[in-house]
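No experiment lies behind these values; they were computed from the predicted model shown.
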Amino acid sequence: MSALQTSWATWMLERGSATLLALVAVSLILGALRRRASAHALSWLALLPLVLLVLPLERALPLASFGISPRALAPGLRAEPADEPAAIPARERAQDPARAVDLAPRSATVPEPRTHDTRAMAPAPRSAAALQLVFALWLAGALASLAHLMWLEVRSGRFLRRAALAPTPSQRARFECVRRRSGCATRVRLCLVPGLPSPATGGLLRPVLYAPASLFEELSAQELRWVLLHELAHVRRRDVWVALFERAVLAAWWFFPVAWLARAQSARWRELACDEAALAGVGPHARASSSSALLRLASASVEPLALRASLAPLCSPPSFLRTRIMRLLDTRRAPARGLSLPGLLLVLAATCGTLALARPQDELPSTNAPRAEIPALRRSAALWLVRHQQSDGRWTVSADPKVRTQGELNEITTTALAARALLGELKDGASAELEAAVRKGAAYLESAQHEDGGIGPRLDQATMIGHAHALRALAETGLRFPDAVRKERLEGAVAFALRAQNPYRGWRYGITPDGDNDSKITAAMLLALDAAQRMGIDVPRTKQQEALGLLDDLTNDETGRTGFVSPGTLGTRYVWKRERFPAAFSEEPTAMTLLARVSLGKDLSDSPKTRRGVALLVERLPLWSIERGSIDYTYWMHGAEAIANVGGYAATAWRAALQSALLEGRIAGADGTAHWPAIDAWSEPGMEPLATACSLLALQAL
């Protein structure tokens with residue numbers, strides 16, 4: 001399935017659900033206020049559901065949690081994975097596809113951990129074919145609807161041009177007198193059309209009032225005045241534009257019954273508003289003559305002409321005639337000429353309330369176990385990490401040597417993350433076993449430091465990301481266990497990082513500046529430098545601001561998404577894992593950028609761009625699904641840490657989804673330990689320490 005078809009399906013589901021909720025809310029409001037509020041105010045409110053089919057206004061509503069619109073779509077309907085190769089904090093491989101293919105096997109297998117289904121993760125071909133068929137049917141219907149709309153314009157336009165007669169001077173004078181007294185400042189041309197069943201207003205740029213040729217002779221002066229005022233109200237309200245907008249929306253949403261219901265409701269309230277404006281012009285004493293004029297014209301419109309979409313006929317829709325006459329005869333209501341200030345405030349208040357209800361709200365994921373199980377799960381995971389630490393303090397990565405060598409590539413990052421995870425458990429209380437494991441892990445990282453300050457082996461793409469994670473882990477350990485020697489070592493590690501920074505930008509793979517940058521390594525380095533700064537090490541503020549500038553440049557202003565190496569692109573994946581693990585399930589670069597902003601003291605609510613970034617994270621909650629390929633421990637770790645700085649609904653939704661996913665995916669050991677299988681987007685068999693460390697850090701963040 002193409003990205004266009006997937007985006008179309010996503011948009012249709014989102015807009016359709018929002019419009020359905022909005023129509024229900026608007027209908028309830030209209031029913032409750034129909035006897036109290038002005039028809040002018042209610043007519044504009046009735047248009048809101050159709051507007052929502054085109055514009056996602058509910059996303060811009062400033063509610064709690066940064067105006068976040070939680071996802072309401074099936075997780076399978078996402079944008080296609082990006083073409084851009086991937087890099088992760090755990091390990092960095094060649095990002096160029098040609099190089100990646102050489103390093104990767106032609107096919108990869110997923111281990112079968114206990115209690116987990118390991119069916120194929122690729123998207124179902126039948127689903128893709130079905131979506132392609134539905135898209136083709138919609139496109140055919142939309143094109144047919146547009147063709148019919150254009151045919152109506154041409155047909156009725158030809159009829160009106162050929163049949164239109166110029167009014168007599170006296171008829172024109174009577175019409176101009178009514179127009180001036182109505183307050184309509186726009187010049188309106190009057191045309192008499194024999195055979196026209198009902199007066200109608202047309203003309204998008206130059207308004208025209210088309211009237212039956214016998215209109216001026218068959219109606220009394222008072223009836224004629226009401227009819228003309230009704231049509232002039234359409235001109236003042238720009239209803240011909242509204243009618244054309246509605247027909248265009250229906251052309252695109254021809255298959256959606258809710259759109260037709262919303263359009264019918266909007267048309268009815270539009271006619272009621274013009275009836276009310278005309279009645280205010282002739283005076284309440286003319287209620288009987290006004291309703292008589294409407295009834296006479298409706299009786300003459302037995303076979304109404306299929307008029308162009310940009311016309312507003314007086315007797316349309318005819319099924320609403322009784323309601324209009326009863327409202328005209330209702331003496332309890334004072335007619336209004338137009339939208340008043342109280343009416344405008346009512347529309348704004350009702351619109352905000354409707355948008356709040358139209359915001360599709362996900363049911364928060366619920367965990368399958370009491371929340372009290374989470375602390376126990378954290379302790380079990382910490383115990384598993386302690387028991388799998390090597391005697392020299394590191395956590396090894398035992399990969400299949402037939403696949404690729406991973407040990408040295410991942411052990412610095414894995415050890416750093418595992419040490420930080422155990423350090424997080426120490427915050428809840430002293431534990432000699434955990435403290436000893438943290439100290440041993442820090443000692444291993446320190447032993448891997450070179451004379452130039454760099455930490456870890458010089459292994460191409462892995463050096464700088466490993467250095468960043470090790471620097472952060474050692475700095476956070478130094479905050480908990482102050483050590484002058486460690487601080488001196490970290491000063492060298494900070495200097496190494498700053499020497500590798502590209503001028504006025506960020507970092508990627510090179511230990512010397514080479515102009516190559518990516519968002520994930522840059523954000524990881526900023527987080528590490530922030531931890532070092534909190535330990536008391538001097539870090540130039542300008543260097544941090546320059547790196548943050550790179551992240552801003554890689555973030556799309558409209559979507560809030562941070563790209564990996566290109567602005568605003570979807571998340572990254574290894575070339576050989578793209579099909580099994582769609583990149584649309586991850587917003588890791590966005591999450592890490594938000595974290596970096598927080599580390600520099602930025603408020604995540606200070607700009608629309610960052611608020612949209614937060615909204616993206618809420619739209620991509622953690623989900624445990626091997627079939628869909630949604631498991632991504634590193635994204636969950638960074639996402640949880642970023643959302644923890646937001647709070648509100650965002651934190652509630654993420655906490656529930658994360659706990660549900662990790663409770664479902666955990667593997668409980670008979671010895672009271674728990675860990676997570678290496679079956680995510682970035683793991684290979686033997687990388688369970690990395691999966692467990694990331695999962696534990698995610699649980700600690702929320």
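The main-chain N or O of Gly560 is never found under 3.5 Å from a side-chain atom of Thr555 such that the two would form a donor-acceptor pair. With hydrogens and angles disregarded, a donor-acceptor distance shorter than 3.5 Å links the side chain of Asn645 to the backbone of Glu641. Using modelled atom types, one side-chain atom of Arg573 and one backbone atom of Phe581 make a donor-acceptor pair closer than 3.5 Å. Of the possible donor and acceptor atoms, none in the side chain of Trp636 sits under 3.5 Å from a partner among the backbone N and O of Leu662. Side-chain N or O atoms of Arg628 include none that pairs as donor or acceptor with a backbone N or O of Ser625 at under 3.5 Å. With hydrogens and angles disregarded, no donor-acceptor distance shorter than 3.5 Å links the side chain of Arg620 to the backbone of Ser586.
One finds the CG atom of Asp632 at 10.5 Å from the NE2 atom of His638 (value rounded to the nearest 0.5 Å). Atom CG of Leu204 and atom CG of Leu244 lie 5.5 Å apart (nearest 0.5 Å). Atom CG of residue Leu250 and atom NE2 of residue His148 lie 12.0 Å apart, to the nearest 0.5 angstrom. Once rounded to the nearest 0.5 Å, the distance linking CD1 of Ile374 with CG of Leu699 reads 6.0 Å. Going from atom OG1 of Thr559 over to atom CG of Leu570 covers 9.5 Å, rounded to the nearest 0.5 Å. Annotation: the span from Ser17 atom OG to Leu52 atom CG amounts to 10.0 Å, rounded to 0.5 Å.
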Give the C-alpha distance, both sets of side-chain angles, the deciding distance and a yes or no for ring-ring contact (aromatic ring centres under 6.0 Å, His included) between Phe585 and Trp624. CA-CA 11 Å; Phe585 283 110; Trp624 187 274; over 10 Å; no

_Pair Phe564, Glu588 - check side chain to side chain contact (heavy atoms under 4.5 Å, CB included), show working._
CA-CA 9 Å; Phe564 177 50; Glu588 188 177 11; over 6 Å; no

### Message
For a side chain to side chain contact (heavy atoms under 4.5 Å, CB included) check, start with the C-alpha distance between Thr610 and Val614, then their side-chain angles and the critical distance, and finish with the verdict.
### Response
CA-CA 6 Å; Thr610 55; Val614 173; 5.6 Å; no

Step by step, would you call Thr351 with Leu48 a side chain to side chain contact (heavy atoms under 4.5 Å, CB included)?
-> CA-CA 8 Å; Thr351 299; Leu48 180 61; 4.0 Å; yes

Given the rule in the side chain to side chain contact (heavy atoms under 4.5 Å, CB included) test, do Asp557 and Arg612 qualify, once you have shown the distances and angles that lead to the verdict?
-> CA-CA 9 Å; Asp557 291 337; Arg612 294 185 187 108; 5.6 Å; no

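Aromatic ring centroids of Trp253 and Phe255 lie under 6.0 Å apart. Aromatic rings of Trp654 and Tyr635 (six-membered ring for Trp) have centroids within the 6.0 Å cut-off, being under it. Taking the ring centroids of Phe135 and Trp8, they lie under the 6.0 Å cut-off.
A cation-pi geometry, defined here as NZ or CZ lying under 6.0 Å from the six-membered ring centre and within 45° of its normal, does not hold between Arg270 and Trp44. Taking the centre and axis of the six-membered ring of Trp260, the NZ or CZ atom of Arg263 falls outside the cone set by 45° and 6.0 Å.
The pair Arg580-Asp680 does not count as a salt bridge, with every side-chain nitrogen at least 4.0 angstrom from each carboxylate oxygen.
Ala640 and Leu658 get closest at one heavy-atom pair: CB-CD2, 4.1 Å. In terms of heavy-atom proximity, Thr562 sits nearest to Leu551 at CG2-O, 4.3 Å. Nearest heavy-atom pair across Ala46 and Gln265 is CB-O, 4.2 Å.
Proximity of Leu554 to Ser519: side-chain heavy atoms (C-beta onward) are separated by under 4.5 Å at one or more points.
If you check the side chains of Thr634 and Trp682, you find a donor sitting under 3.5 Å from an acceptor. No hydrogens or angles considered: a donor-acceptor pair under 3.5 Å links the side chains of Ser43 and Arg237.
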